[in-house]
Amino acid sequence: MVIAGASRVVKYIFVTGGVLSSVGKGILTSSIGKMLQVRGSKVTVIKIDPYVNVDAGTMNPYMHGEVYVTDDGGETDLDLGWYERFLDLNLKKENNLTTGLVYKAVIEKERRGDFLGRCVQIVPHVTNEIKNRIRAVAKDAGADVALTEVGGTVGDIEGQPFLEAIRQMRLEEGPENTLYVHVALVPILDVTKEMKTKPLQHSVNELRRIGIQPDIIVARSPEMIDSESRTKIALFGTIPEDAVFCSYNVETIYQVPLILDEQGMGEFICKRLGFPEHKQDFKEWRKFVDAMLNPEHEVKIALVGKYAGLTDSYVSMNEALRHGGAACKAKVCISHIEAESFEKNPEKLETLKTFDGVFVPYGFGPRGTEGKIMAIEFARENDIPFLGICYGFQLAVIEYARHVCGLDDASSSEINPNSPHPVIDLMPEQRGIEIKGATMRLGSHKIIIEPDTVACALYGSNEVYERHRHRFEVNLDYMQRLKEKGLTFSGKSTDGRRMEILELPDRFFFLASQFHGEFRSRLERPDPEYYGFVRACLDKKLGKSKAEFR
Ligand code: GLN
């Protein structure tokens, strides 16, 4: 879409939300990106989080959902995960913009004397910082289209400088290069079954009060909106009826770009932005969505975690399991089990026999760790396929040390700082670090995989890059004992000092990794460890022999 010799014109799409949060803005933004991508555009996506935290790294996943990790070690909002999964992008730290980050930069500039003599204000200094950052991301990505999702709801106090910045961008970039999409809930009343557009109308009014007239309105409704609602939304929103679209409930989230495109949204956006006509090519995407919608098998997985009450805490893991399932034509049913329930009630472990696999995810702090260790022991002893990620990997080492190597009090110094056998210990470079923000071992690091192992068969390579987020690691003092008793470390850091993958070759499938494979998993390209796990769960269920993964 670039004309030779001309400087690249970037088109900016801004997505705002109304009525309440969690209306699926992240999925909508990703879907718009997909509709453009399948028509040949190069896209990038920016998430604005108006909270005062500098990044998502210090937030509790139970309240805010998981922390997503980018290749370059950014600890970001989970929506970046949706963008990466839908659009197969590798985003950077800079793709997540927060109030904390923006103000920090402005204040640092003020201290340096960049604004000498002037009074530093929200307009223009903060808004300029926001606009510059959005433009810099677009330029750095070489994008035709930069989508910006504004987190929260229109009307939130924190969001105001960001909305003001995107309002100004229309003036500066021109109406032909900017597009405002507003999405809001259109509920259906339980009793009368009536569709209610009034809350949406109010949120559009709120947006207009700020000076933004939406070009497109998306109604988020349980069902397709009726024509009466569409007319009302168009009339009160001051937009033509063909600029109103509906994101209704679907079986899988990956259908959303398809249902919006069928309503003509992709074409509408392209025309509005002045793109030459391009036929969409959803063939590949549809193939994977169909595989998800028409499974031939089903596998049941027990996710034994600590934040089990909020599925968003494990969203990338859930999706990676589903991607693995789609590749095996299997529907993956995930039950979230509170690890502490096993501590209170050990008989409950028996219920794990009703599952095809046991999965122990990431985690922090001591709560629930004993329950997770019990689940890992149960899976190992009963040969139920097992996958452990990060904390799940570390707890599998502790379990093995305690129950197979005879080190009864083995633990992690994170759980028990006085353990006589800290088989998991703080990484040397972490000692003395007191600041919590962005100080873990983060992002992509190279891993060397041992030949003739399950990991090697799964990854089909002897080196891979995977993303990390941890402070603790396997204590090398215990390596020999663990190895002698049969624990195989099949993946290591390049210097061989850091254990990255473990496996038990005599089990049907028992594998865990210090890194997080879920962050690189895509519907079209499931992550190998998740795929291997789901495949093993299914094969064992079908009575097949151990997979060779070749
Ligand atoms: N708490 C562990 C550590 O910091 C594991 C972290 C994780 O699971 N992401 O090393």
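All ligand and atom numbering here is 1-based and tracks the order in the structure. One-based numbering along the sequence shown.
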Would you verify whether the NZ or CZ of K348 falls within 45 degrees of the ring axis of F342 while also being under 6.0 Å from that six-membered ring's centre? yes

Salt bridge check, R520 against D527: does any charged N sit closer than 4.0 Å to a carboxylate O? no

What residue among H445, E473, H468 forms side-chain hydrogen bond (donor to acceptor under 3.5 Å, both in side chains) with R498? E473

Look at atom 5 (C) of ligand 1 and say which protein heavy atom is nearest, naming residue and atom and giving the distance to 0.1 Å. G363 O, 3.4 Å

Is Y362 close to ligand 1, meaning an N/O of one under 3.5 Å from an N/O of the other? no

Minimum-distance protein heavy atom relative to atom 7 (C) of ligand 1: C390 SG, 2.9 Å

Where is the nearest protein heavy atom to atom 10 (O) of ligand 1: which residue, which atom, and how far? F472 N, 2.9 Å

Side chain to side chain contact (heavy atoms under 4.5 Å, CB included) with Y314: which of L303, L321, I389? L303

At under 4.0 Å between heavy atoms, is it the side chain or the backbone of M440 that contacts ligand 1, or both, or neither? neither

For ligand 1, indicate whether the residue H516 contacts it via side chain, backbone, both or neither (heavy-atom separation under 4.0 Å). side chain

Would you tell me which option among R471, E473, R469, Q394 has the nearest heavy-atom contact to atom 9 (N) of ligand 1? R469

Working note: Y254 + E319, criterion side chain to side chain donor-acceptor pair (under 3.5 Å); need CA distance, chi angles, decisive distance, verdict. CA-CA 11 Å; Y254 300 98; E319 293 310 309; 2.6 Å; yes

Ionic contact status for K92 with D140, cut-off 4.0 Å: yes

Option whose closest heavy atom lies nearest to atom 1 (N) of ligand 1, chosen from Q514, M427, H470, E414: E414

